[in-house]
2 protein chains.
Amino acid sequence: MMQLDDQAYARIAKYFQLLAEPMRLKILNGLRDGEKNVSELVALSGGTQANVSKHLTMLCAANLIQREARGTKAYYSIVDQQIFDLCGLVCGQLAMQMSTAAAANESFISAMQSQANS
Amino acid sequence: MMQLDDQAYARIAKYFQLLAEPMRLKILNGLRDGEKNVSELVALSGGTQANVSKHLTMLCAANLIQREARGTKAYYSIVDQQIFDLCGLVCGQLAMQMSTAAAANESFISAMQSQANS
DNA sequence: TTTTTATATAACTATATACTCATGTAATAT
DNA sequence: ATATTACATGAGTATATAGTTATATAAAAA
C-alpha cells in the first residue's frame, strides 16, 4: 500500500473538491469542445454571471482551465483534456451502480411475483 | 459535446464529493490491499472511532465499500478497485502541475539571477 | 447475568462554501 | 468625455458537512 502523508491526501481531496460541484462540472463540460467566453458559459450553464465568474476563477486558480482576455471578453479553455477521463471513469462507475441496482430491483420484483403466485 | 441533465451533474458531483475528503481517501487507501475492521482503520488513519465509523457508513451507503460483520467486528472492503484509477489520475495531474510549477520556478530564479548579474 | 469489547449513531459546534446582490474595473463604442 | 459592455469581486446569508462528545447497541467473555 502506498504511503501518503497528510498533505498529499489534502491536495488530492482539494482536487476532487473542485469536481464536486454540479455547476463547475457543467462549465467544464461546456469547455469540452473548445474555449468559450464568460457570457457564453453563463448562457450555457443557466447560472448567474457572478456565480459562473467565481467558479471560473476557482478552476483557473487550480489550473484546470486557463484564461485569455481579448478585448472586453475573457475566454476560458481546458488546460488538460485528461480531466474528462476522470469524469468518464465516474460516469462509468455510476452507470454500473445503476445497472446493478436495476438488476437487483428486477430480481426483487420477480421474487415478489413468484411468491405472490405460490 | 455530451449533454447531461442537471440530475446527472448532481450525481457525478456527489460521487466526487465522497473523494473530496482527506480522511476518506486515507481510509480507502487503507483498504487498498484488502479488508480491514474499524479498529484497524482507526489506528491506521489516526482518526477517532466515531469519525472513522461515520466515514465508513458514508462510503458504504454510496457503495464504494462493503461491510461484513463478523462477531463484534465489522470488516470493510473496496467494492471496485477501479476507484484507485481515479486517485491515480488525480495524483498524475498533481504531479504534473508540481513539476510544471517547479520548472517555472527554476526559470524564474535563473531569470532573476541573470538579471542580477547584468 | 454482568462486563467488556467493537461499532454505530444522535446532538451539537465549527467551518467551509455556494449563492445572491451590489459594486468595482477595464476595454470598447458613441 | 461619457456610456456601454463584459467581467470580477466584496459583503452577506444559508446550507452542508467534518469533527467531538456522549450514548446506544450488540456480540462475546467472565
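Every chain is numbered from 1, with letters handed out A, B, ... down the list of sequences. Computed from a prediction, not measured in an experiment: that's the story for all the values here.
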### Message
Looking only at the side chain of A50(A) (C-beta and beyond, no hydrogens), which of the listed nucleotides dA11(C), dT5(C), dA22(C) gets closest?
### Response
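Of all the options, the side chain of A50(A) is nearest to dA22(C).
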
#### Entry: Of the listed nucleotides dT9(C), dT20(C), dT5(C), the one nearest the side chain of S53(B)
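Given the options dT9(C), dT20(C), dT5(C), the side chain of S53(B) is closest to dT9(C).
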
To the nearest angstrom, how far is [X] atom [atom1] from [N] atom [atom2]?
| X | N | atom1 | atom2 | answer |
| --- | --- | --- | --- | --- |
| Y75(B) | dT5(C) | OH | C1' | 13 Å |
| R67(A) | dA27(C) | CZ | C1' | 12 Å |
| E21(B) | dT17(C) | CD | C1' | 15 Å |
| M58(A) | dT17(C) | CE | P | 7 Å |
| L41(B) | dA6(C) | CG | P | 14 Å |
| Q49(B) | dT4(C) | CD | P | 18 Å |

Does [Y] offer a backbone N or O that forms a donor-acceptor pair with the side chain of [X] under 3.5 Å?
| X | Y | answer |
| --- | --- | --- |
| R24(B) | Q17(B) | yes |
| Q93(B) | Q82(A) | no |
| K36(B) | G30(B) | yes |
| S53(A) | Q49(A) | no |

Would you tell me if any nitrogen or oxygen in the side chain of [X] comes within less than 4.0 Å of OP1 or OP2 on [N]?
| X | N | result |
| --- | --- | --- |
| T57(B) | dT9(C) | yes |
| H55(A) | dT17(C) | no |
| N51(A) | dA18(C) | no |
| R70(B) | dA6(C) | no |

For residues [X] and [Y], report the shortest heavy-atom separation together with the two atoms involved.
| X | Y | value |
| --- | --- | --- |
| L19(B) | L28(B) | CD2-CD1, 3.7 Å |
| L31(B) | Y76(B) | CD2-O, 3.3 Å |
| L25(A) | A13(B) | CD1-N, 3.6 Å |

#### Entry: chain A contact limits on DNA chain D, taken 5' to 3' with a cut-off of 4.0 angstrom to heavy atoms
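Counting from the 5' end, contacts occupy dA6(D) to dA11(D).
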
### Task
Could you check R24(A) against K54(B) and say which one's nearest nucleotide on DNA chain C is further toward the 5' end?
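Its nearest nucleotide lies further toward 5', so the answer is K54(B).
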
